Amino acid sequence: MTVVESTVGRRAGAGPVLLGVRHHGPGSARAVRAALEEVRPRVVLIEGPPEADALIPLAADEEMRPPVALLAHAVDEPGRSAFWPLAGFSPEWVAIRWALDHDVPARFIDLPATHTLAWGSKEDEETPEGERPPDVERAADGDTGPGPAGLRIDPLRVLADTAGYDDPERWWEDVVEHRGAGEGDALAPFTALEEAMGALREIYGSGGHDRDLVREAYMRLQVRAAQREFDDGVVVVCGAWHVPALRRKTTVAADKALLKGLPKVKADLTWVPWTHRRLSRSSGYGAGIDSPGWYGHLFSAPDRPVERWLTRVAGLLRAEDRIVSSAHVIEAVRLAETLAAMRGRPLPGLSETTDAVRAVMCEGSDVPLELVRDRLVVGDVLGEVPPSAPAVPLQRDLARLQRRLRLKPEALERELELDLRKENDAARSRLLHRLRLLGIAWGEPAASRGSTGTFRETWRLRWEPELSVRIAEAGIWGTTVLSAATAKAETDAVTAQGLADVTALAEHCLLAELPGALPTVMRILADRAALDTDVGHLAQALPALVRSLRYGDVRGTDTGALAEVAAGLAERVFVGLPPACAALDADAAEEMRRHVDAVHRAVGLLGDAPAAGHGRLRGRWQSVLRVLSGRDTVPGVIRGRAVRLLLDDGELAHDEAALLMGLVLSPGTPPADAAAWIEGFVGGGSGGGLLLVHDERLLGLVDAWLTGVPAEAFTDVLPLLRRTFSAYEPGVRRTLGELVRRGPGAVGGATAAGGGTPGFAADLDLERADAVLPVVRLLLGLDDVDENTNNDLAGVTG
């Protein structure tokens, strides 16, 4: 390669001015602005998809606020997409705004998206999972390619290593961010960077990356065309890595030969909001930067960036109730400047300010420092795009609903509590459920901290830029959220693999209020339920159906047909469950035990549901449990769980449960079977630990059996027992240990003597119960209660 000539000399000569930049670099952005002011070009060429030229004027719209991104997606396959993000401190964005402000044409000159999307899919097939970039955006250093050994090089890291730096970010700050843009020769930094990249390209070439060669060939053709039109008034803003290739002399024929035969797809482009978090490498985005919030601050601060930054940090920590005064800010500034001087840096950078914040404002703790990094160094800024930007009809309908429901997308995750008895909250719930059904995961259901009633929902909301792609994909189902969700639900019902999938879909249709899809889903559900003979499938399907019945009252949905199907499904489970539980191995028995638990909860809800009309179901189910508890062919874990469920429902007395446990734990039962029975009775997160604490008869039986297990069998049952008892709360385990420590003679003996468990009398202590009644009345809101109520509450307490 020839020696790179001076960029200053080319200003008045016969060549384009090439401004090599670091994407999302505030120093590059300031330098680009200064260079454009000095050169005053007649046209600005920018690295990006040329199909987006028509979208450039939207950057001047008052409602356009970066960070934003150009989104390209294949028309026939919306999931195939690419992003070109731009922050307020991106050199490309600065170039676009300068051109618009000065009435200078701006054009994109990178390889068209129609080729990028088609070619990207081919490369993805050949690239191993894990090495594949998340999208087709540029790398932080300027589209680096693999090195000589197939490794992807990082030009910034190579240059930093050459300069003796161990951190490329710190090197970039010292040589670019901390120098005054526009002081002296505005083009000098681009000359130096071009020389550095030219030396790297001499060593690494294109790194064997064919895409770089093709992209650069296309860009050279576009630069030539602009020169013919505007003579020497051409400025090119592109990744510094490409500058030596664009400077290289090639023939038009050679460049066109590289472009011959490229695959194509029809593509649509638009602007979409982006976030600072998605510009960060920590989010897994391959073209990111470590500290977008810090870079945005450096670009926007008019002066004294360190003082302004540490003031912002102090404000954040104060908002989190940490004691930070003005003196802390002053001391932190002094410490940051001292650290920069000791480290030989021209100005304090992010590492110095971070060390100062940790030492002065966080008292050496990294916990509040992580908050600073999350909120300020990275940040939760979400860009905005004007309504006039092109969008699929589904996107426009969603934006309309968001405005009507006052549900604004935000980059920061937040919780949303909904009261479904309120019209606006119910509409919000329907929208979020419909979007989930369409695969647009803007909101995820979360556990409510307050009431667990069916009228309350809690959602975690967080808007990610990728949701724009999901919306484009979902656009094939309809032009509105309602029509798209309806069509998607009907199709999913037809193509569902199992009965449980259809029942889950029926639940989603009720939550999303899709009356158009529900008849189709219910018809397919009834057909599948009638043909499916697998008890496990039926047991899996029942809980979702029964949960759906609970939504009828609060959502005003007719669930009569659903109740009939659920009741019929429950009857089939009752008939088929006992024979299905026979002769199972350990894994199958544990899975069936989970099915028994799920059916038990479902029957409890179904028997109480007004729409069900099948109060007899509870009695039928208890009969099934009695059969399971006494049949020897049923695995111990299922028999134990059946006994426990009957005991909890009051259908089995404690004496009967103790008798059944004593029979199972007799010497004639193999230790492994007995341990499985115990697992079913007191394990599986069923609160069995408290049961053993409060009933020493049962604890004595378990203790006597355990001490009598032969040594050769103890090792075999130990893993199962450890799994059972390790699930208990620490306080429960401690109490059980104290009870057992009293010795085998004491455990169980106290109950026989009538003493009961320490702290628990044999009979109800009415005097102590009366003492808590005022508090109970206050909690229940029963201020006006009579003596009969007191007696009732005393009975309940007993």
Side-chain angles (χ1 to χ4, degrees), residues 19-37 65-67 85-95 97-98 140-142 156 159-160 165 167-183 186 189-190 193 237 240 274-282 287-316 329 332-333 335-337 339-341 343-357 369 372-381 383:
L19 305 181
V21 301
R22 182 191 187 189
H23 301 297
H24 316 313
S28 288
R30 287 194 303 269
V32 164
R33 185 164 55 193
L36 292 173
E37 288 291 343
R65 295 184 179 87
L86 298 173
F89 50 83
S90 297
E92 298 89 343
W93 180 261
V94 170
R97 289 306 308 262
W98 186 93
D141 46 20
L156 288 190
L159 294 175
Y165 283 75
D167 181 4
E169 294 292 331
R170 190 159 57 88
W171 174 81
W172 179 262
E173 283 189 350
D174 285 353
V175 302
V176 177
E177 304 303 334
H178 293 165
R179 70 181 305 278
E183 296 178 1
F190 299 107
L193 199 54
V237 179
W274 205 252
T275 66
H276 272 183
R277 194 171 299 278
R278 291 297 292 144
L279 289 171
S280 170
R281 282 196 186 101
S282 63
I289 51 178
D290 289 329
S291 49
W294 166 252
Y295 274 6
H297 170 77
L298 290 181
F299 183 71
S300 61
D303 56 19
R304 303 171 71 90
V306 175
E307 290 85 344
R308 293 177 183 273
W309 175 258
L310 292 174
T311 301
R312 289 181 61 192
V313 172
L316 172 65
V329 177
V333 171
L335 179 56
E337 292 174 344
L339 290 173
R343 296 169 181 175
R345 307 193 67 184
L347 287 172
L350 181 59
S351 58
E352 284 73 33
T353 56
T354 299
D355 289 344
V357 169
L369 196 65
V372 174
R373 167 173 168 71
D374 185 65
R375 298 281 185 86
L376 295 182
V377 177
V378 176
D380 290 299
V381 179

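Note that the structure is predicted; figures quoted are calculated from it, not measured.
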Which value, rounded to the nearest 0.5 Å, describes the distance between [X] atom [atom1] and [Y] atom [atom2]?
X	Y	atom1	atom2	value
Trp98	Arg33	CH2	CZ	12.5 Å
Glu337	Leu347	CD	CG	8.5 Å
Leu279	Asp290	CG	CG	11.5 Å

Sequence neighbours excluded, which residues qualify as side-chain hydrogen bond (donor to acceptor under 3.5 Å, both in side chains) partners of [X]?
X	value
Ser291	none
Arg304	none
Ser351	Arg345
Glu307	none

Do you know the tightest heavy-atom contact between [X] and [Y]?
X	Y	answer
His276	Gly379	CB-O, 3.9 Å
Ala356	Ala332	CB-O, 3.4 Å
Trp294	Leu350	CZ2-N, 3.6 Å
Gly20	Phe190	O-CD2, 3.3 Å
Leu310	Val357	CD2-CG2, 3.4 Å
Pro66	Gly88	CB-N, 3.6 Å

Test your reading of the model: is there a side-chain donor-acceptor pair from [X] to the backbone of [Y], 3.5 Å cut-off?
X	Y	value
Ser28	Arg22	yes
Ser90	Trp93	no
Glu352	Gly349	yes

Side-chain heavy-atom pair Arg308, Asp303 within 4.5 angstrom cut-off: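 Yes, close enough: below the 4.5 Å cut-off.
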Validation row: Leu298, Phe89 side chains within 4.5 angstrom (heavy atoms):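 Answer no - side chains too far apart.
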Partner residues of Asp374 under the salt bridge (charged side-chain N to carboxylate O under 4.0 Å, His left out) criterion, sequence neighbours left out: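 Arg277.
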Qualifying residues under salt bridge (charged side-chain N to carboxylate O under 4.0 Å, His left out), relative to Arg97, sequence neighbours excluded: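 Applying salt bridge (charged side-chain N to carboxylate O under 4.0 Å, His left out) to Arg97 gives Asp101.
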